[in-house]
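Here the structure is a predicted model, which is why all the values come from computation and not from measurement.
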Amino acid sequence: MKEYRLTDFLPTTKKELELRGWDYVDVILFSADAYVDHPSFGAAVIGRTLEAAGFRVAIVPQPDWHGDYRDFKKLGRPRLFFGIAPGCMDSMVNKYTAARRLRSEDAYSPDGRHDMRPEYPTIVYAKILKELYPDVPVVLGGIEASLRRVSHYDYWSDSLKKCLLCYSPADMITYGMGEKVTIELARRLAAGESIRDIRDLPQTVYLSRKEDIIGGITDRDIVLHSHEECMKNKKAQAENFKNVEEQSNMMHAQRLLQGVDGRYVVINPPYPPMTTEELDASFDLPYTRQPHPKYKGKRIPAYEMIKFSVNIHRGCFGGCAFCTISAHQGKFITCRSKESILREVKQVIEMPDFKGNLSDLGGPSANMYGMSGRNKNACEKCRRPSCIHPQICPNLNTDHSKLLDIYRSVDALPGIKHSYIGSGVRYDLLLHRSKDEASNKAAMEYTRELITRHVSGRLKVAPEHTSDRVLYLMRKPSFQQFYEFKRIFDRINREEGLRQQIIPYFISSHPGCQEEDMAELAVITKNLDFHLEQVQDFTPTPLTNATETWYTGYDPYTLQPVFSAKTPKEKLAQRQFFFWYKPEERRGIEQSLRRIGRPDLIAKLYSGMPPQGSYRPAGGGPKPAGSGKPSGGGKPKSYNPNFKNENSRAKHHSEKPQQEKRGRNRRNF
């Protein structure tokens, strides 16, 4: 293992600048996260990218924004600009739960401390820097600025907010993945251009008077409803979002303009997706993959989670309604080369506490590596935010062969015992049958290899709901596909003598979801023997389709009204159904079922269980009639903590429940 010196990290103090012999810095980055020199942490990526381009870069992680602002002054003024990277997560999502309660820990702070970042650090840091250095450009980047580049609903203040630049004295926003735009901005500033004159740079946002908009407003531009109009008319806000989402996911996007306070927010189109060579160059930078030595002896929770993981691609074409990836990374997949991936894995192998197990070899969605449209011309014209909703695009190549090659090449390295897939897997891609039989065969081969070799006891999947109507609004596949995948998962586990868990994730209070939908979810998951623990109450986050639907009350693509549970009482009424098996929830659930006119579901949930007052946990009493359990000893107990019993033995390979005897193709998985 290489021993890293202080000078192997980006400098964070005056002393570290002196160790390098620097008497000036080109760019100073202020980050609301702890400084971890790893390609999963945005400030490190931007800092290393600028460094590789020949610029002197320093980083000030989690500066103290109280008192005399000494952390903002300690490195002086940069030659080119201050960059603000507020963190890998939106600061408010990082800080608060869906119920607006403080989270138990800040995953990106040493020892999970809560007092290391302010709310909306992009605004707080920019105001301090402009107060101290009014003539130095301040550039905003990262998730927080990226998702607030246009009028957006802010859940924590329960209000429609303007573009972030209207609240911050910063000069510019760079949105999305920032390597290309940051390098070009630094080069132009270094060449002597004023930031006030840089108005044609892709993937940037700035405020301008109408007469100063470069090239004027043309037919090629999309002029959104003004912020003032959106404040008066929620349908206008919904219409705006449709345009923003489509342009965020187009190969050749248009410029967006929005009036606000007598000026215009100008959003220049993004750069095209990075090439494999460009992405390799970013991941191949000289990261130490460690927290800065200043954190010695301290635990950074987010780092502990990804310490032995490797990211193999960017982008996600799922387009889930509640996800921010499409607004930040876009739908087009950019893959790292096998050589680049193997280089990073070898670096992980050399880490002193690595025991041979990669925790994750994945990406935003684990099994999209190597996938793209067959006809590139069609992709260049496509406006769909999702390539797989409402159905998988016939132009999409869903071949898993390249991913299988990556897995096998990684597993062949000396020092690797197992490479696990910790990212979520899209089972609809595994079940899809295209006209290309080679792709179909690879999907079946991948499914078996995934289940037998790459599951660390638990496989994460995200059905999210059981109601097809709600799933459609989520842009997720029918729950019937989860049944299909679970049958395959269970069968392969029996055939291989494995005792593995399938961990499903579910969401309550998503737009379109009613109490009755949650009640039926409880019955369906009960019949699957789930005791749900991996659950989430929907949290509206900026610039997602679900958030705009939740706020406006309209589906942005149809402008049809959509119900959303909004009050704490309404949200709790939905969430309680996740926990039907807890004795303390039973009374409230029965009352709710009677109130909504579904007392028939009481028997389905609690048939065979003792009445209230003598209630015992599920599994201790007789099974409900018609529950589909095979005779002759019944269904084996499960090892899954989401299921209702603990396993005592593995099911013998010859046991074949009736529902899995259908379909010759399933035998090929």
Will you find, in the side chains of [X] and [Y], an N or O donor that is under 3.5 Å from an N or O acceptor?
| X | Y | result |
| --- | --- | --- |
| T13 | E16 | yes |
| T547 | T544 | yes |
| R149 | S248 | yes |
| S91 | E144 | yes |
| Y153 | D158 | yes |
| T49 | E179 | no |
| E245 | Y557 | yes |
| D154 | Y120 | yes |

For residues [X] and [Y], determine if any side-chain heavy atom of one lies less than 4.5 Å from a side-chain heavy atom of the other.
| X | Y | result |
| --- | --- | --- |
| R48 | D37 | yes |
| K331 | S386 | no |
| H114 | L102 | yes |
| Q254 | R220 | yes |
| I84 | P121 | no |
| I173 | L165 | yes |
| V136 | P78 | yes |
| D71 | F30 | no |

What heavy-atom pair brings [X] and [Y] nearest, and what distance separates the two atoms?
| X | Y | value |
| --- | --- | --- |
| G47 | L10 | CA-CD1, 3.7 Å |
| P273 | M251 | CD-SD, 3.7 Å |
| L29 | A43 | CD1-O, 3.7 Å |
| R103 | N94 | CD-O, 3.1 Å |
| G315 | I333 | O-CD1, 3.2 Å |
| D115 | W65 | O-CH2, 3.6 Å |

* Between K210 and Y264, is NZ or CZ placed under 6.0 angstrom from the six-membered ring centre and within 45° of the ring axis? ->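 Because its charged atom misses either the 6.0 Å distance or the 45° angle limit, K210 does not stack over Y264.
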* Asked: Honestly, is R100 close enough over Y155, meaning NZ or CZ under 6.0 Å from the six-membered ring centre and within 45° of the axis?
  ->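 Verdict for Y155: a cation-pi partner in R100.
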Any salt bridge linking [X] with [Y]? Criterion: basic side-chain nitrogen under 4.0 Å from a carboxylate oxygen.
| X | Y | answer |
| --- | --- | --- |
| D26 | R56 | no |
| D135 | R77 | yes |
| E239 | K235 | no |
| K130 | D171 | yes |
| D212 | R263 | no |
| R255 | D200 | no |

* **Pair E228-K232, salt bridge (charged side-chain N to carboxylate O under 4.0 Å, His left out): steps then yes or no** => CA-CA 7 Å; E228 291 78 10; K232 294 184 290 186; over 6 Å; no
Step through the shown structure and confirm whether more than 12 heavy atoms of other residues, nucleotides or ligands are within 6.0 Å of [atom1] on [X].
| X | atom1 | result |
| --- | --- | --- |
| K73 | NZ | yes |
| K127 | NZ | no |
| Y167 | OH | yes |

Ring centre gap for [X] and [Y] strictly below 6.0 Å:
| X | Y | value |
| --- | --- | --- |
| H152 | F241 | no |
| F72 | F82 | no |
| F538 | F322 | no |

* Working for side-chain contact (heavy atoms from CB on, under 4.5 Å), residues S151 and V260 -> CA-CA 9 Å; S151 290; V260 56; 5.9 Å; no
* Supply the atom-to-atom distance R113 CZ to D106 CG, rounded to the nearest 0.5 angstrom. =>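 Separation between the atoms: 10.5 Å.
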* **Spatial distance of atom CD1 (I183) from atom CD1 (I46) [nearest 0.5 Å]** =>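 It is 8.0 Å, given to the nearest 0.5 Å.
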* To do: Under the ring-ring contact (aromatic ring centres under 6.0 Å, His included) rule, collect the residues that match up with Y35, sequence neighbours excluded.
  =>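 Partners of Y35 by the ring-ring contact (aromatic ring centres under 6.0 Å, His included) criterion, ordered by chain and then number, come out as H292.
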* Using ring-ring contact (aromatic ring centres under 6.0 Å, His included) as the criterion, list what pairs up with Y175, not counting sequence neighbours. =>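 Y175 satisfies ring-ring contact (aromatic ring centres under 6.0 Å, His included) with no residue once adjacent residues are dropped.
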Using atom types as modelled and distance alone, determine if a side-chain donor or acceptor of [X] lies under 3.5 Å from a backbone N or O of [Y].
| X | Y | answer |
| --- | --- | --- |
| R20 | T7 | yes |
| W156 | V93 | no |
| S168 | L164 | no |

* Going by the side-chain contact (heavy atoms from CB on, under 4.5 Å) test, name the single residue among M368, Q329, H328 that passes it with C316. =>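 With C316 as partner, side-chain contact (heavy atoms from CB on, under 4.5 Å) holds for just one option, M368.
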* Step-by-step side-chain contact (heavy atoms from CB on, under 4.5 Å) determination, K161 to R148 -> CA-CA 8 Å; K161 294 285 193 180; R148 290 175 166 81; over 6 Å; no
* To do: Kindly determine whether Q62 and Y108 satisfy side-chain hydrogen bond (donor to acceptor under 3.5 Å, both in side chains), including the steps that lead there.
  => CA-CA 10 Å; Q62 300 189 308; Y108 291 88; over 6 Å; no
* To do: Please test T541 against M92 for side-chain contact (heavy atoms from CB on, under 4.5 Å), starting from the C-alpha separation and ending with a verdict.
  => CA-CA 9 Å; T541 53; M92 302 305 283; over 6 Å; no
* Check against side-chain contact (heavy atoms from CB on, under 4.5 Å), Q237 and H225 -> CA-CA 7 Å; Q237 174 65 15; H225 297 291; over 6 Å; no
